[in-house]
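So the structure is just underneath, and the comments pick up after that.
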2 protein chains.
Amino acid sequence: MDKLLIFGHQSPDTDAITSAISFSYLQNQLGKVTEPVALGEATDETQYALDYFSTKAPRVVDTVAEEAEEVMLVDHNEAQQSASDIDKVKVVAVVDHHRIANFQTADPVYYRAEPVGCTNTIILKLFKEHNVEVPKDIAGLMLSAIISDTLLLKSPTCTEEDEKAAKELADLAGVDLEKYGKELLKAGTNTSDKNADQ
Amino acid sequence: MDKLLIFGHQSPDTDAITSAISFSYLQNQLGKVTEPVALGEATDETQYALDYFSTKAPRVVDTVAEEAEEVMLVDHNEAQQSASDIDKVKVVAVVDHHRIANFQTADPVYYRAEPVGCTNTIILKLFKEHNVEVPKDIAGLMLSAIISDTLLLKSPTCTEEDEKAAKELADLAGVDLEKYGKELLKAGTNTSDKNADQ
Ligand SMILES: [Mn+2]
Ligand SMILES: [Mn+2]
Ligand SMILES: [Mn+2]
Ligand SMILES: [Mn+2]
């Protein structure tokens, strides 16, 4: 079986990078062979989370068609936010929390979108649906994404589900939600490309 | 709260009509106020299933914007297969098993697509995820859709999940899968618009 690549949007934020990591881990547990990659370098905020939870940043790629026939998208669906050669590969799955636009497939696809504050809130549900345990470090990365996307549960896009997921993931990760959340957001204050909506 | 309309594609097949009924039932159990409608008359096959499971055919409509601001789509997503004024309403949810094309939203949306043989196979998973019991007659209608879309589990689009769902729904509906399946498909042999792929 050829390896599938999984990636978030260009100019990746913490959700884009960590949802590739968490969804790839889940897919591999389910028997697929996948690798999380990123369409750009980690921001200071994301790097703080990666360091805190002892995880290497995903390999950065610009194009994907040379090394994979099939891909899975996380935290985005629009072609102009994706790999520059996205039209040359088959998208077999999408997990996202944004509007749907500029996206189409030739064949039936797995598409999971919910109007919540963070892609990792949806991915936590997928772990549960498949009865896969979330390892401690992955839980910490998923938590970091929710903190980032919802500005520590304070953004207007934050839902009850995000809040519940954040609390559960903080327990799994063994961190204090408020304390770690403030540290993480502080680590990101040097980056200029933060966007609570992405 | 305004009533939401839920409907399948134009020239509705058994899945289009019964997935509107089953998904509307589920949404109403979850506290929404929804009504299943249809973008065309039931075929002989669908009518056989509706009669067998003592269910009235959904009201037939051509347009939806005059009576609803928000809608949910089942068994389709492409605008040209939908209500003629679909661009005038907000699509808040989609459950489907087809390719995605000619579909876009202005806002985040609930979208649930899986590459299985029938929309009702996905809807059965949703009942389970929300811990809602499937009533006997609804189970029979959902089963009818799987039989119809997969030609009694024989089409190339049929997956293991469809097969498992069909067996479970036959038990819930209290019918013999093979016997009822043959009767249903026979009832539909007079219709000219059958399409295993829809
Ligand atoms: Mn996000
Ligand atoms: Mn993002
Ligand atoms: Mn169908
Ligand atoms: Mn159909």
Side-chain angles (χ1 to χ4, degrees), chain A residues 15 30-32 70 72-81 86-87 90-119 121-122 124-131 149-150 155-162 196-198, chain B residues 15 30-32 70 72-81 86-87 90-119 121-122 124-131 149-150 155-162 196-198:
Chain A
D15 194 27
L30 297 175
K32 299 260 197 253
E70 299 188 341
M72 297 180 175
L73 308 184
V74 287
D75 200 37
H76 77 297
N77 67 86
E78 302 193 42
Q80 75 278 14
Q81 299 170 0
I86 190 70
D87 56 316
K90 181 175 175 178
V91 177
V92 295
V94 179
V95 185
D96 190 21
H97 65 123
H98 296 95
R99 70 166 189 162
I100 299 176
N102 305 308
F103 178 82
Q104 59 174 28
T105 61
D107 298 303
V109 61
Y110 180 94
Y111 201 111
R112 183 75 173 244
E114 300 189 21
V116 293
C118 180
T119 299
T121 299
I122 306 167
L124 177 60
K125 290 169 87 162
L126 298 180
F127 270 88
K128 289 179 183 180
E129 287 168 21
H130 292 287
N131 289 311
D149 268 8
T150 67
S155 78
T157 56
C158 184
T159 67
E160 264 177 53
E161 283 200 74
D162 299 298
D197 190 50
Q198 286 232 308
Chain B
D15 194 27
L30 297 175
K32 298 258 196 255
E70 298 187 341
M72 298 181 173
L73 308 185
V74 288
D75 200 38
H76 77 296
N77 66 87
E78 302 193 42
Q80 75 278 13
Q81 299 169 1
I86 191 69
D87 56 317
K90 180 174 175 178
V91 177
V92 295
V94 179
V95 185
D96 191 21
H97 64 124
H98 296 95
R99 70 165 189 162
I100 299 176
N102 304 309
F103 178 82
Q104 58 175 30
T105 62
D107 297 303
V109 62
Y110 180 95
Y111 201 111
R112 184 73 175 246
E114 300 188 21
V116 293
C118 181
T119 299
T121 298
I122 305 167
L124 178 59
K125 290 169 87 162
L126 298 179
F127 271 88
K128 289 179 183 178
E129 287 168 22
H130 292 287
N131 288 310
D149 268 8
T150 66
S155 77
T157 57
C158 185
T159 67
E160 264 178 51
E161 284 200 73
D162 298 299
D197 190 50
Q198 286 232 308

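In the text below, chain A, chain B and the rest are named by the order of the sequence lines, each starting its count at 1.
In this structure, CD1 in I100(B) is found 6.0 Å from CD1 in I100(A), a value given to the nearest 0.5 Å.
For T105(A), there are no side chain to side chain donor-acceptor pair (under 3.5 Å) partners at least two apart in sequence or on another chain.
Among the candidates Y111(A), F103(A), Y110(A), the single residue satisfying the ring pair (Phe, Tyr, Trp, His ring centres under 6.0 Å) test with Y111(B) is Y111(A).
Looking at E129(B), only its side chain comes within 4.5 Å of chain A, counting heavy atoms on both sides. Both the backbone and the side chain of A101(A) come within less than 4.5 Å of a heavy atom in chain B.
Comparing E114(B), R112(B), K128(B) by how many heavy-atom pairs each has under 4.5 Å with chain A, the most go to R112(B). Of the listed residues (R99(A), K125(A), E78(A)), the one with the most heavy-atom contacts under 4.5 Å to chain B is R99(A).
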